[in-house]
Structure formats: structure tokens, C-alpha cells
Amino acid sequence: MCLTAEALALFLNMIAVPEISMEPGRIVVHAETRDAHWVAVEDEWCTMAPQIDRMDRFASLRAE
């Protein structure tokens, strides 16, 4: 999933996560379950968090 810088800033303000780490080209949102890494790709910010969450849900269904 990728967002523009403006959309990412709005998203981060809306979720009000208490801890965010930032370095050039990377933002890490420290959430309860796991960290979400946002990486600068050209003029957008992208994360694999939705795909990772989906894989985890499928893995837990297979384990049952």
C-alpha cells in the first residue's frame, strides 16, 4: 500500500500512535501488535503491513 506524503501525514495524525521513529526515507510506527515500516519510494510512502497482516491471518487459520 502506498500513500502520498500528505495522505501519510493525515493518517499518522488520525491514528495518534504514541511512538513513531523517523529517519531519512523510513518511518516506523510502533504499534501494539507489530511495527509498521513506511519506506519512501519516489514521491510516495509505501508499506507491506496489510499484506503481512493477511499472511498472518492465513497462517493462524492453517494452524487451527
Side-chain angles (χ1 to χ4, degrees):
M1 174 172 75
C2 295
L3 300 173
T4 64
E6 294 82 10
L8 179 60
L10 176 64
F11 171 70
L12 294 175
N13 283 320
M14 285 176 51
I15 62 172
V17 173
E19 191 173 342
I20 297 174
S21 302
M22 295 176 17
E23 59 186 65
R26 180 177 299 271
I27 297 172
V28 181
V29 178
H30 303 285
E32 245 180 70
T33 307
R34 75 177 58 79
D35 293 347
H37 295 256
W38 289 86
V39 180
V41 178
E42 296 180 12
D43 61 343
E44 294 185 315
W45 288 87
C46 301
T47 185
M48 291 291 293
Q51 292 89 338
I52 292 168
D53 289 343
R54 188 177 317 115
M55 289 185 296
D56 285 349
R57 284 194 301 272
F58 287 138
S60 67
L61 288 174
R62 277 180 273 184
E64 291 180 355

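These figures come from a predicted structure and were not determined experimentally.
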> Under the 3.5 angstrom rule, does the side chain of Thr4 hit a backbone N or O of Glu44 as a donor-acceptor pair?
Replying inline: no
> Is the shortest heavy-atom distance from the side chain of Trp38 to the side chain of Phe11 under 4.5 Å?
Replying inline: yes
> By side-chain contact (heavy atoms from CB on, under 4.5 Å), which residues pair with Met22, not counting sequence neighbours?
Replying inline: Ile20, Ile27
> When Ile, Leu, Val, Met, Phe, Trp and Tyr are grouped by side-chain heavy atoms lying under 4.5 Å apart, directly or through other members, which residues fall in the same group as Val41?
Replying inline: none
>> Starting from Val28, can I reach Val39 by hopping between I/L/V/M/F/W/Y residues whose side chains sit under 4.5 Å apart?
In response: no
> Is it the case that one hydrophobic cluster holds both Ile15 and Trp45, taking links as side-chain heavy atoms less than 4.5 Å apart, direct or via other members?
Replying inline: yes
